Amino acid sequence: MSPIVAGTVGGPSALRSAVAEVQRAVRAAGRGSPDLTGCTLTAFVGDSVDEDTAWLVQLGDSRAYRLRDGLLELLTADHTAAWLGVLNGRYTPQSPQGQSARRRLTRYAGHPQAPEPDVLNVSLRPGDRFLLCTDGVCDEIGDQDMTEALGGIRDPARAVEALLGECAEGDDNATAVLIRVM
């Protein structure tokens with residue numbers, strides 16, 4: 001998962017150009033290693049022109065959530081064969097087909113066809129909390145537990161440590177970034 005990025009934003013086309021550069025860099029890094037095919041990318045980019053908005057940029061199955069006024073919202077869609085199969089009613093997430101398709105990414109940084117990322121403009125309000133996390137976090141922690149963890153934040157670093165601690169027994173990598181709007 002990518003780190004938080006801040007700075008001047010030129011809008012969606014500038015973000016897509018930046019992701020295209022990431023695509024090229026990831027493919028170049030993996031040229032000599034067939035086991036390195038790519039990675040997910042989820043970024044939160046503050047807009048220095050309009051301080052009341054930010055941009056989310058996403059490729060893969062890492063996710064972005066927003067907690068606002070006690071309501072937890074999933075803001076991104078997984079770029080997996082499973083997500084498409086469930087969305088189109090071909091199977092359920094728990095079915096054998098759904099389980100086998102969970103790890104088949106349809107878009108990711110480094111993909112040979114360099115698919116475009118999802119780019120979403122989100123409004124910001126004081127008190128909003130954004131969680132960017134890998135599927136190793138959201139697969140292990142239910143929405144209710146996530147809402148409670150994000151809702152009681154006094155120390156963001158400790159909140160992330162607590163979330164990651166709950167994922168210690170999981171079977172996937174767990175990475176999380178917490179953003180609190182002041």
Side-chain angles (χ1 to χ4, degrees), residues 1-6 9 12 15 19 39-47 50-89 91-95 98-99 101-103 105-109 117-182:
M1 187 166 76
S2 70
I4 298 173
V5 180
V9 176
L15 293 169
V19 171
C39 60
T40 64
L41 180 147
T42 303
F44 180 94
V45 183
D47 192 331
D50 181 357
E51 293 179 4
D52 294 332
T53 66
W55 296 93
L56 287 170
V57 181
Q58 189 234 4
L59 280 171
D61 60 353
S62 293
R63 294 181 177 178
Y65 292 88
R66 177 176 55 198
L67 181 68
R68 175 181 281 171
D69 299 328
L71 175 66
L72 183 69
E73 301 172 273
L74 174 61
L75 300 174
T76 54
D78 289 358
H79 299 142
T80 64
W83 188 276
L84 291 174
V86 169
L87 185 67
N88 291 304
Y91 42 77
T92 65
Q94 290 76 26
S95 70
Q99 289 299 306
R102 281 185 68 231
R103 303 271 187 244
L105 296 175
T106 57
R107 289 194 259 169
Y108 55 88
D118 289 343
V119 177
L120 176 68
N121 187 247
V122 293
S123 64
L124 302 175
R125 290 189 199 158
D128 283 352
R129 289 115 195 261
F130 290 85
L131 175 67
L132 310 183
C133 63
T134 59
D135 56 334
V137 173
C138 52
D139 287 351
E140 294 295 321
I141 300 174
D143 287 357
Q144 185 62 38
D145 290 337
M146 199 179 298
T147 300
E148 289 173 12
L150 296 175
I153 296 172
R154 283 193 171 41
D155 180 352
R158 286 203 177 144
V160 168
E161 287 175 19
L163 285 171
L164 295 178
E166 292 183 43
C167 304
E169 301 297 320
D171 66 347
D172 202 351
N173 66 318
T175 305
V177 174
L178 178 62
I179 301 148
R180 184 173 56 176
V181 178
M182 305 301 279

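What you see is a predicted model; the values in this text were computed from it and never measured.
Taking all atoms of both residues into account, the shortest heavy-atom contact from Ala159 to Leu178 is CB-CD2, 4.0 Å. Between Ala101 and Thr80 the shortest heavy-atom distance is O-CB, 4.1 Å. Counting all heavy atoms, side chain and backbone alike, Ala174 lies closest to Leu164 at O-CD2, 3.6 Å. Closest of all the heavy-atom pairs between Tyr65 and Cys133 is CE1-SG, 3.9 Å.
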Under 3.5 Å, side-chain donor or acceptor atoms of residues 71-78 against the rest of the protein: list the pairs with distances, not counting sequence neighbours.
{"unit_1": "Glu73", "atom_1": "OE1", "unit_2": "Arg66", "atom_2": "NE", "d": "3.0"}
{"unit_1": "Glu73", "atom_1": "OE1", "unit_2": "Arg66", "atom_2": "NH2", "d": "3.1"}
{"unit_1": "Thr76", "atom_1": "OG1", "unit_2": "Ala64", "atom_2": "N", "d": "3.0"}
{"unit_1": "Asp78", "atom_1": "OD1", "unit_2": "Arg63", "atom_2": "NE", "d": "2.9"}
{"unit_1": "Asp78", "atom_1": "OD2", "unit_2": "Arg63", "atom_2": "NE", "d": "3.4"}
{"unit_1": "Asp78", "atom_1": "OD2", "unit_2": "Arg63", "atom_2": "NH2", "d": "2.8"}

Donor-acceptor pairs are to be reported for all side-chain atoms of residues 143-150 against protein atoms at under 3.5 Å, with residues two or more places apart or in another chain.
{"unit_1": "Gln144", "atom_1": "NE2", "unit_2": "Glu148", "atom_2": "OE2", "d": "3.1"}
{"unit_1": "Thr147", "atom_1": "OG1", "unit_2": "Asp143", "atom_2": "O", "d": "2.8"}

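Put simply, the side chain of Gln99 gets close to the backbone of Pro93: a donor and an acceptor are under 3.5 Å apart.
Under the 4.5 Å side-chain criterion, counting only non-hydrogen atoms from C-beta, His79 is not in contact with Leu105. Leu67 has its side chain out of reach of Leu131: every pair of non-hydrogen atoms, C-beta onward, lies at least 4.5 Å apart. In this structure, the side chains of Thr175 and Val137 stay at 4.5 Å or more apart for every pair of heavy atoms. In this structure, the side chains of Leu132 and Ser62 stay at 4.5 Å or more apart for every pair of heavy atoms.
Around atom CZ of Arg158, no more than 12 heavy atoms belonging to other residues, nucleotides or ligands sit under 6.0 Å away.
Residues satisfying the side-chain contact (heavy atoms from CB on, under 4.5 Å) test with Asp52, not counting sequence neighbours, are Asp50. In terms of the side-chain contact (heavy atoms from CB on, under 4.5 Å) criterion, residue partners of Val119 (sequence neighbours excluded) are, by chain and number, Pro12, Leu15, Arg16, Trp55, Pro117. The side-chain hydrogen bond (donor to acceptor under 3.5 Å, both in side chains) test applied to Ser95 returns Gln97, not counting sequence neighbours. The side-chain hydrogen bond (donor to acceptor under 3.5 Å, both in side chains) check on Arg103 picks up Asp135, Asp172, with sequence neighbours excluded. Remark: Ser123 pairs with Arg68 by the side-chain hydrogen bond (donor to acceptor under 3.5 Å, both in side chains) rule, at least two apart or across chains. Listed by chain and number, the residues in a side-chain contact (heavy atoms from CB on, under 4.5 Å) with Asp69 are Arg125 (sequence neighbours excluded). In this view, Tyr108 and His111 satisfy the ring pair (Phe, Tyr, Trp, His ring centres under 6.0 Å) rule, not counting sequence neighbours.
If you take CG on Asp61 and OG1 on Thr106, they are separated by 9.5 Å, rounding to the nearest 0.5 Å. Between the CD atom in Glu140 and the CD atom in Glu169 there is a gap of 9.0 Å [rounded to 0.5 Å]. Leu59 CG to Thr40 OG1: the interatomic distance, rounded to the nearest 0.5 Å, is 9.0 Å. Residue Asn173 holds its CG atom at 10.0 Å from SG of Cys167, rounded to the nearest 0.5 Å. Rounded to the nearest 0.5 angstrom, Asp155 CG and Arg180 CZ are separated by 8.0 Å.
Judged as a ring pair (Phe, Tyr, Trp, His ring centres under 6.0 Å), not a single pair has a partner in residues 153-182 (not counting sequence neighbours). Applying the ring pair (Phe, Tyr, Trp, His ring centres under 6.0 Å) definition to pairs two or more places apart or across chains, those involving residues 118-147 are Phe44-Phe130. Pairs engaging residues 149-182 under the ring pair (Phe, Tyr, Trp, His ring centres under 6.0 Å) rule: none recorded [sequence neighbours left out].
Under the side-chain contact (heavy atoms from CB on, under 4.5 Å) test applied with Asp128, the options Val122, Ile179, Val181 reduce to a single match, Val181.
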